[in-house]
Amino acid sequence: MEIIELTFSQLKDGLSSKKISAKEVSQAYLNRIESMDSKFNSYIEINQDLIGQSETLDNHGDRNLPLFGIPIAIKDNFCTKGLRTTAGSKILQDFVPPYTAHCIQSLQNAGALILGKTNMDEFAMGSSNETSYYGPCKNPWNTKHVPGGSSGGSAAAMSAKLAAATIGSDTGGSIRQPASFCGVVGMKPTYGSVSRFGLISYASSLDQAGCFANDVTGIAEVIDVMIGKDPCDATNVSRTQNSLTKLKPMDLRGLKIGLPDEYWTKDLSSSTRDVVDHCIETLESAGCVIKKVSLPHSPHAIPAYYLIAASEASSNLSRYDGVRYGLRDIDKVDGQSVADLSEFYKLTRSRGFGKETKSRIMLGTFALSSGYQDDYYKKACQVRRLISQDFVDAFKECDFIVGPVTSQSAFRLEEKIKDPIAMYYNDLFTTPVNLAGLPALSLPIGLDDNKMPVGLQVISPAFTEEKMLAFSLAIEQQVEFSEVPGV
Amino acid sequence: MIKKQEVAKIADLARLHLSEDEASELKSHFQRVIDQFSSLQTVDTTDVEPMLTPHEFSVPLREDLVVETLSVEDVLSNAPDTKDSLFKVPPVV
């Protein structure tokens, strides 16, 4: 069997037992990227030192390391020492970080190799990968369609088998939505589980790193390494972690599964609904007890999410001032006096940020400005607590919540980019999870009428990743989704 | 209604220059967002404390120890302009 066709477990076994070398695996993926990625534009940067690094690993590395020789692609908002990191923005087009993000360093310490950096919406602001300064990424299932976003490049690369696993970040659905659109598994753990140190900040109270893989086992292997204590992130939660890698499928008999009424709305396309409903029938046949639950405040998640995310972004992105790193408007200011310091910042920021980023910085500045703060930012934070409490109440009645990830499968390029509000509402079923800080994943369960993949969203109580993965593994075995894009 | 001057004021606070087109587009975008998001005002939040972060634990403290961090050379490596061990900016006074 060809290397790129191996499952995560087969690849891991082959590498640890020396049946295949890290160099062979790296070369196989590099060849595939070289021959195929021009169609998808899923990578912004390839690691030119990969082959040398894989040889070093083969010669001196410990084959018992959990991710020995596994080539992983990283969303371009994680700092990687010596490897350009742009966050999809022009303002960071020449930024080469002097350090590596904590969770990426953990992957490397576990023997993983970095294939390259993947395309994304600028500063993770977008749901279609079309706000990237480096051009849109295309969906491998149909290149006229978007891969989703903001981690569109990581989802597309996973789907087209251009990496053995990929890393993303999820602020309002940026892992689960593209995972659903591209027919791969994508997971965000509980807020605070994975250190945000070295993850370029968008909205700090919502941002959470996670990963993509072609199966639940692959997700468990990678996320197990990423979760860990880091004193450099004050919101990182210390906890005794059970190993996620000894995963067994959960016994589905008697499990209480909650379906939120608010997720089966009129906006849910009939084609997506059919696929999700069919999966739920399968779970019921396997012994799950299906229950209706309510998340009464979730319809307000979009306004609350966008106001909070934009407010935090307006503060976080103030660091791009043309002084310490990033683009500076050299032609106009270098060596000359400027009228005032504010003008110096404005010239650089106006040239370096794209349209959507400017729009969200503006929205956040507005929501935090005097006279409006109580009506917008504070109100959004109060609604956030109600949304979070809804989940606490719902989990008193069920073990897991499942539902659609999005209201429809991957839409066409340029279909929504001119209507930002329609684009925002694409995140209707994913943002409540971020506001509450819960773990959730998207699992591919079927194709819709357009032959595009549909994901099932699994939501679990905070810090119950092990159970969520065991449950998801059981669903995966029941559903047996085996479709692949015809690339 | 959001006024043109309000958009200009927000742009100034956000340290952004906007072209006429950008300002006009953002003005209508803002109006739509505010109209759409006005549904939030219908939610009863009497006595609800704002939730600023998912896990409201106390902030962890660490020992006040000197630890190794990046070298000055590394810190300056991405700066658009430097002099000696300093970031260089245009004269602003």
Is [X] close to chain A through its backbone or its side chain, or both, or neither, when contacts mean heavy atoms under 4.5 Å?
X     : value
B/L76 : neither
B/L40 : both
B/E73 : neither

Find the distance between [atom1] ([X]) and [atom2] ([Y]) and round it off to the nearest 0.5 Å.
X      : Y     : atom1 : atom2 : answer
A/C381 : B/E49 : SG    : CD    : 11.0 Å
A/T348 : B/R15 : OG1   : CZ    : 13.0 Å
A/Y345 : B/L16 : OH    : CG    : 13.5 Å

Which of the residues [options] is involved in the greatest number of heavy-atom pairs with chain B at under 4.5 angstrom?
options                        : result
A/Q389, A/H297, A/K358, A/E312 : A/K358
A/A367, A/S350, A/S205, A/G437 : A/S350
A/D375, A/N236, A/T235, A/D94  : A/D375

Could you tell me which of [options] has the largest number of non-hydrogen atom pairs under 4.5 Å with chain A?
options                    : result
B/S77, B/S39, B/S38        : B/S39
B/L13, B/V7, B/I10         : B/I10
B/L52, B/T45, B/V75        : B/T45
B/D12, B/L18, B/T42, B/T82 : B/D12

**OP:** May I ask you to test the B/M51-A/Q382 pair for a side-chain heavy-atom distance under 4.5 Å?
**Re:**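 Result no, sub-4.5 Å side-chain heavy-atom pair not found.
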
Original post:
Got B/I34 and A/Y376 here, is their nearest side-chain heavy-atom distance under 4.5 Å?
Top reply: yes

**OP:** Check whether more than 12 heavy atoms from other residues, nucleotides or ligands sit under 6.0 Å from atom NZ of A/K229, and answer yes or no.
**Re:** yes

Original post:
What residues of residues 188-197 of chain A sit under 4.5 Å from chain B when you count only heavy atoms?
Top reply: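 Counting heavy atoms that sit under 4.5 Å from chain B, the residues of residues 188-197 of chain A involved are A/T190, A/Y191.
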
Looking at [X] and [Y], what are the two nearest heavy atoms and their distance?
X      : Y      : value
B/P54  : A/A436 : CB-O, 4.0 Å
A/R328 : B/P80  : NE-CB, 3.6 Å
A/R349 : B/A14  : NH2-O, 3.0 Å

Original post:
Given the rule in the ring-ring contact (aromatic ring centres under 6.0 Å, His included) test, do A/H300 and B/F37 qualify, once you have shown the distances and angles that lead to the verdict?
Top reply: CA-CA 8 Å; A/H300 300 291; B/F37 289 8; over 10 Å; no

Original post:
In chain order, what residues pass the salt bridge (charged side-chain N to carboxylate O under 4.0 Å, His left out) check against A/D419, with sequence neighbours excluded?
Top reply: B/R32

Subject >> Residues forming a salt bridge (charged side-chain N to carboxylate O under 4.0 Å, His left out) with A/R319, sequence neighbours excluded >> reply: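 Expected list: none.
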
**OP:** Can you tell which part of A/S388 gets under 4.5 Å to a heavy atom of chain B, answering side chain, backbone, both or neither?
**Re:**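 For A/S388, side-chain heavy atoms alone lie under 4.5 Å from chain B.
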
**OP:** Select one option (side chain, backbone, both, neither) describing which atoms of A/L435 are under 4.5 Å from chain B's heavy atoms.
**Re:**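 Backbone of A/L435 only, per the 4.5 Å heavy-atom cut-off to chain B.
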
Original post:
For B/E22 and A/K355, what are the C-alpha separation, side-chain angles and deciding distance, and is it a salt bridge (charged side-chain N to carboxylate O under 4.0 Å, His left out)?
Top reply: CA-CA 8 Å; B/E22 281 178 316; A/K355 189 171 150 187; over 6 Å; no

Original post:
Hey, is the main chain of A/V323 close enough, under 3.5 Å, to the side chain of B/K88 for a donor-acceptor pair?
Top reply: no

Subject >> Main-chain N/O of A/V96 paired to B/N78 side chain as donor or acceptor, under 3.5 Å >> reply: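 Judged by distance alone, yes, a pair lies under 3.5 Å.
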
**OP:** Name the orientation class of the two ring planes belonging to A/Y424 and B/H29 (parallel below 30°, tilted from 30 to 60°, perpendicular beyond 60°).
**Re:**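 Rings of A/Y424 and B/H29: perpendicular, over 60°.
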
**OP:** Could you go through the side-chain contact (heavy atoms from CB on, under 4.5 Å) check for B/Q36 and A/Y306 one step at a time?
**Re:** CA-CA 11 Å; B/Q36 190 78 40; A/Y306 274 94; over 6 Å; no

Original post:
Can you check side-chain contact (heavy atoms from CB on, under 4.5 Å) on A/Y99 and B/D74, steps first, answer last?
Top reply: CA-CA 9 Å; A/Y99 69 102; B/D74 279 345; over 6 Å; no

Original post:
Between B/E6 and A/Y372, does any side-chain donor sit less than 3.5 Å from a side-chain acceptor?
Top reply: yes

Original post:
Using a heavy-atom distance cut-off of less than 4.5 Å, which residues of residues 61-70 of chain B contact chain A?
Top reply: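 Within residues 61-70 of chain B, near chain A: B/L70.
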
